[in-house]
Amino acid sequence: MESARRFATASAAVGLAGPALAQDSPARYNLQAPVTGIAEQINDMHTLMLVICLVIFIGVFGVMFWAVFHHRKSKGAVAAHFHENTAVEIAWTVIPILILLGMAWPATRTVIEMKDTSNPDLTIKATGYQWKWGYDYLQGEGEGIRFLSSLSTPREQIEGGAPKGEAYLLEVDKPLVVPVGKKVRVLLTANDVIHSWWVPAFGVKQDAIPGFIRDTWFRADKEGIYRGNCAELCGRDHGFMPIEVHVVSAEKYAEWVSAQMQAQNVALAAQ
Amino acid sequence: MAAVTHDQLQGHQPGPTGLMRWLTTTNHKDIGTMYMIFSFIMFLSGGVMALTIRAELFQPGLQVVQPEFFNQLTTMHGLVMVFGAIMPAFVGFANWMIPLMIGASDMAFARMNNWSFWLLPPAAILLIGSFFVPGGATAAGWTLYAPLSVQMGMGMDLAIFAIHIMGISSIMGAINIVVTVLNMRAPGMTLMKMPLFCWTWLITAYLLIAVMPVLAGAVTMILTDRHFGTSFFNAAGGGDPVMYQHIFWFFGHPEVYIMILPAFGIVSQIIPTFARKPLFGYASMVYATASIAILSFAVWAHHMFATGMPAAGQLFFMYATMLIAVPTGVKVFNWVATMWRGSMTFETPMLWATGFIFVFTMGGFTGLICAIAPIDIQVQDTYYVVAHFHYVLVAGSLFALFAGAYYWLPKWTGHMPSEFLGKLHFWCSIVFFNITFFPMHFLGLAGMPRRIPDYALQFADFNALASVGAFGFGLSQLIFLVVVVKCVRGGERAAARSWEGAEGLEWTVPSPAPHHTFEQAPVVK
Ligand code: HEM
Ligand SMILES: [Cu+2]
Ligand SMILES: [Cu+2]
């Protein structure tokens with residue numbers, strides 16, 4: 001019963017509070033607020049699944065708890081003797097199959113869209129290292145920029161010597177910067193073990209596999225700072241290699257690119 | 001000859017006594033008991049690891065353990081629970097109950113049975129001892145993904161040997177069960193009259209025989225990659241790290257059904273007893289079990305949606321996984337239909353079985369949600385998956401094991417377990433279980449990765465809640481220990497048919513079941 005109540009509260013929270021909360025503060029109950037079309041589709045699909053599952057759940061356990069309360073020996077219930085019913089059994093095999101078909105349809109469309117990495121505006125290679133990310137801008141505006149990106153939360157905060165900042169464990173020294181509204185293809189690989197590049201608001205999670213290249217893509221529709229984590233156990237500091245992406249306007253992006261180019265040229269000249 | 005028979009009739013065991021009796025026993029009941037004691041010890045060890053993990057995660061920041069040791073704990077918790085606690089517990093049930101249920105005098109290969117049990121303690125010592133070798137235990141996750149597992153210290157080698165030994169033990173146990181069930185049924189006990197527990201174990205045993213060698217192959221390849229210069233999982237040498245995952249999950253997905261099908265069997269014994277009504281849809285239960293088992297070989301890559309399979313691959317594994325929900329649903333519907341218009345009472349075993357259906361089904365639903373590839377891309381490797389598999393493994397397999405233990409304790413000990421303590425155990429467990437694991441759904445959705453020792457601040461509240469729940473859950477399990485000890489020592493005498501509505505051959509022999517039963521096969525009409 002306890003679980004029933006929790007489940008109900010929880011579903012209410014997911015249904016009502018979730019999206020409202022997700023707008024401003026970090027998500028707590030539900031998927032993070034989507035900023036790409038794919039993430040949007042995933043959110044909708046998840047809500048749909050949740051509702052369908054909830055309805056079935058209430059139906060099945062409504063029946064079960066009805067029986068639990070009414071068909072008790074202490075209430076004088078006398079056991080019936082039936083033990084099969086072909087029609088019912090066929091119905092509860094076939095109806096679930098139809099429901100599943102309904103679920104599979106939107107999912108199939110999204111899978112196909114997620115896999116379509118063609119015609120990007122920008123191509124960036126992300127490399128997983130133990131325990132940081134490396135980014136190379138391979139093609140498009142900013143081609144040639146490359147840098148490493150590692151956790152910038154100070155050690156004292158982690159060990160409790162200093163109060164924890166707002167973006168505790170989700171902040172890096174050099175974030176990835178991309179233009180808003182542009183299709184960004186991300187190529188992934190790794191240097192040592194498998195890592196996984198995950199930005200929840202983009203609906204993107206792709207393993208980075210040493211010795212192989214995989215790809216994924218996103219098109220962020222909203223400027224802002226988006227944060228994620230490595231999502232594949234990769235050793236000691238797996239919990240400490242976040243991903244921070246700044247989605248900026250086209251002008252800001254151009255400025256950033258030229259600043260980076262200049263800095264890289266200075267560094268080259270100094271060598 | 002006559003003297004021996006006389007001894008047995010008097011309940012004396014001929015042969016060695018004391019420790020030697022347990023070391024050399026070939027009696028299925030002794031061996032079953034040892035399996036269960038072993039698995040309970042492993043359950044408590046794995047539990048201590050889990051509580052250490054939850055203590056570290058109580059608050060953001062590192063307080064209790066360092067990340068390296070944290071990873072060792074999560075890895076060993078998984079390995080110990082899967083291979084040490086859940087699987088041996090079910091084999092223990094099989095040993096005790098299958099011969100009693102089919103009217104056989106013992107398991108088919110009684111000496112091999114002894115050997116399959118006695119392989120386990122050395123394997124457990126290797127596994128747990130690996131904490132104390134240089135570099136500590138393996139920290140690559142219970143899935144032991146290459147190349148991370150190739151980087152590990154010698155704790156990894158010990159884990160590999162332990163897995164080999166436990167695998168051999170499982171295979172021998174499985175062969176024993178198949179042969180016993182197929183050849184030693186009492187006259188008249190046709191396959192389709194067999195209690196469902198025997199059916200589910202028969203099918204599980206085939207799964208074990210099919211996939212344990214696959215796991216052995218996978219870890220052996222890791223071993224040779226580590227020490228003998230092979231490159232199965234190393235791209236620089238022509239290998240592929242993802243191939244490891246394919247092989248592992250070809251074992252791993254059937255493995256999750258190995259841990260749940262016998263649980264379905266136990267629950268299918270208990271519900272009819274306390275509903276005083278025959279199991280609804282016996283035949284469809286058998287077919288559903290078989291289809292789950294067959295489908296379980298075709299869904300493994302749903303654990304690998306984020307590896308970057310081609311769209312066709314993702315779609316195939318998504319559809320196949322969704323299909324498994326159908327036979328699983330049939331089972332739940334059958335249990336509910338069995339309860340419908342029954343004459344139910346809720347003694348402790350029934351309470352656990354009902355709790356099982358309710359909470360396990362939530363795990364089934366989250367499984368279905370994980371099966372949708374695009375959603376899984378979001379929740380894979382997050383706390384959502386942690387919630388999912390604890391709903392099916394703890395609220396599923398473990399709750400069913402408790403249900404079965406309370407159900408058959410009268411037969412094992414000759415005494416009725418304390419109803420009060422049993423119910424207390426149930427209510428504490430189900431409440432604390434949900435306090436622990438329900439918030440993990442939210443954590444996962446909101447973006448908390450799994451296998452991390454520290455987390456961002458927005459996850460703090462639910463983690464604190466989960467940690468409190470976990471300690472409550474852990475402590476509640478000590479109630480079970482008290483119940484069992486009390487039940488062994490004394491209590492209300494159990495009748496041969498210990499529960500009013502109980503049917504089946506095991507209830508025709510006295511309680512406690514004498515050392516030797518069914519030396520003369522009963523006849524089933
Ligand atoms: C309706 C039935 C089920 C479906 C559709 C289902 C589906 C899934 C899927 C898609 C995943 C992968 C999630 C991910 O890693 O992102 C998963 C993980 C898992 N499932 Fe299930 N599942 C079902 C029942 C079960 C049962 C009965 C068990 C065991 C008793 C189980 C145990 C697990 C475990 C242990 C994992 C996680 C493995 C890991 O990554 O460490 N599942 N399930
Ligand atoms: Cu990682
Ligand atoms: Cu699976």
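Nothing here was measured: the structure is a model prediction, and the numbers come from that model. In what follows, every chain begins at residue 1, and chains take the letters A, B, ... in the order their sequences are listed.
- Within the cation-pi definition used here (under 6.0 Å to the ring centroid, within 45° of the axis), A:K205 does not qualify as a partner of B:F305.
- The backbone N or O of B:L62 sits nowhere less than 3.5 Å from a side-chain atom of A:E159 that would complete a donor-acceptor pair.
- When heavy atoms are compared at a cutoff of 4.5 Å, A:R109 does not approach chain B at all.
- For an aromatic pair to be called close, the ring centres must be under 6.0 Å apart, and A:F65 with B:F358 satisfies this.
- Of the listed residues (B:L315, B:T345, B:V326, B:I452), the greatest number of heavy-atom pairs within a distance under 4.5 Å of chain A belongs to B:L315.
- In summary, the side chains of A:Q130 and B:Q151 do present a donor paired with an acceptor at a separation below 3.5 Å, with no hydrogens or angles considered.
- In this structure, the portions of A:C53 lying under 4.5 Å from any heavy atom of chain B include both its backbone and its side chain.
- Heavy atoms of B:Q314 lying under 4.5 Å from chain A belong exclusively to its side chain.
- At distances below 3.5 Å, at least one donor-acceptor pair connects side-chain atoms of B:N71 with backbone N or O atoms of A:G235.
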Test side chain to side chain contact (heavy atoms under 4.5 Å, CB included) on B:M339 and A:V68; report intermediate values, then the result. CA-CA 7 Å; B:M339 296 166 88; A:V68 165; 3.7 Å; yes
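- For A:T110 (side chain) and B:P374 (main-chain N/O), no donor-acceptor pair under 3.5 Å exists by modelled atom type.
- Looking at A:Q206, its side chain does come within 3.5 Å of a backbone N or O of B:T307 through a donor-acceptor pair.
- Residue contact with chain B, scored on non-hydrogen atoms closer than 4.5 Å, involves the backbone and the side chain of A:V111 alike.
- No hydrogens or angles considered: nothing links the side chains of A:W198 and B:Q380 as a donor-acceptor pair under 3.5 Å.
- Heavy atoms of A:E89 lying under 4.5 Å from chain B belong exclusively to its side chain.
- Checking side-chain atoms of B:R451 against main-chain N and O of A:E232 turns up no donor-acceptor pair under 3.5 Å.
- Of the two parts of B:V150, neither the backbone nor the side chain holds a non-hydrogen atom closer than 4.5 Å to a non-hydrogen atom of chain A.
- For A:N85, the parts sitting under 4.5 Å from any heavy atom of chain B are the backbone and the side chain alike.
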